[in-house]
Amino acid sequence: MNLFVANISPTVNEGALKALFETFGKTSSVKIVVDKYTGESKGFGFVDMLDDRDAMEAMDKLSNVSFFGKNLVVSKARPKTSSIL
DNA sequence: CCTGAGCGC
């Protein structure tokens, strides 16, 4: 399950985020979104977990908890913005 | 920045 993680502190990198979610289960990929042009973190990212139960567990346990000074907000990711609609 | 990412030599 792909999870959307918002309100990520700039001090958090993908490795730290992955380690955090790995405490609940296997993560297949972690992505922190950075601005294409400025290279700065947008403050949100995505964590793809192999097991849906672990994903929901992580979503529940990590939502609104302080991580590096910011309260994480975890929810199910939506499909990436499509150009076609 | 609460929903990303790769179109060039």
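By convention in this document, chain letters (A, B, ...) are assigned in the order of the sequence lines, proteins followed by strands, and residues within each chain are numbered from 1.
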For residues 53-79 of chain A, which residue pairs pass the salt bridge (Lys or Arg N to Asp or Glu O under 4.0 Å) check, not counting sequence neighbours?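 The answer is A/Asp51-A/Arg53, A/Glu57-A/Lys61.
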
To which residues is A/Phe68 joined in a hydrophobic cluster, defined by side-chain heavy-atom contacts under 4.5 Å among Ile, Leu, Val, Met, Phe, Trp and Tyr, whether direct or through other members?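 For the cluster that includes A/Phe68, the remaining residues are A/Met1, A/Leu3, A/Val5, A/Ile8, A/Val12, A/Leu17, A/Leu20, A/Phe21, A/Phe24, A/Val30, A/Ile32, A/Val47, A/Met49, A/Met56, A/Met59, A/Leu62, A/Val65, A/Phe67, A/Leu72, A/Val74.
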
Which ILVMFWY residues are connected to A/Phe4, directly or by a chain of links, through side-chain heavy atoms under 4.5 Å apart?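 Once heavy-atom contacts under 4.5 Å are chained together, A/Phe4 belongs with A/Val33, A/Phe44, A/Phe46.
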
Using the C1' atom on both, measure B/dG6 against B/dC2 and round to a whole Å.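 After rounding to an integer number of Å, I get 24 Å for this pair.
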
Using atom P of each nucleotide, how far apart are B/dA5 and B/dC1 to the nearest Å?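 Pairwise P distance, B/dA5 against B/dC1, rounds to 15 Å.
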
If a protein heavy atom is under 4.0 Å from the base, mark B; if only from the sugar-phosphate, S; if neither, -; do that for nucleotides 3-9 of chain B going 5' to 3'. BBB----

Expected output is a numbered-order residue list: members of residues 50-65 of chain A with a heavy atom under 4.0 Å from any atom of DNA chain B. What is it?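 Within residues 50-65 of chain A, no residue comes under 4.0 Å of DNA chain B.
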
Output the rounded distance in Å from CG (A/Leu3) to C1' (B/dC2).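 Answer to the nearest Å: 14 Å.
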
For A/Asn71 and B/dC2, give me the distance from atom CG to atom P, rounded to whole Å.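 Whole-Å distance recorded here is 13 Å.
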
Sequence neighbours left out, what passes side chain to side chain contact (heavy atoms under 4.5 Å, CB included) with A/Ser66? Give chain and number order.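 Per chain and number, A/Ser66 pairs via side chain to side chain contact (heavy atoms under 4.5 Å, CB included) with A/Asn71.
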
Atom pair OG (A/Ser41) and CG (A/Asp35), whose distance is rounded to the nearest 0.5 Å: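 Nearest 0.5 Å value for the OG-CG distance: 10.0 Å.
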
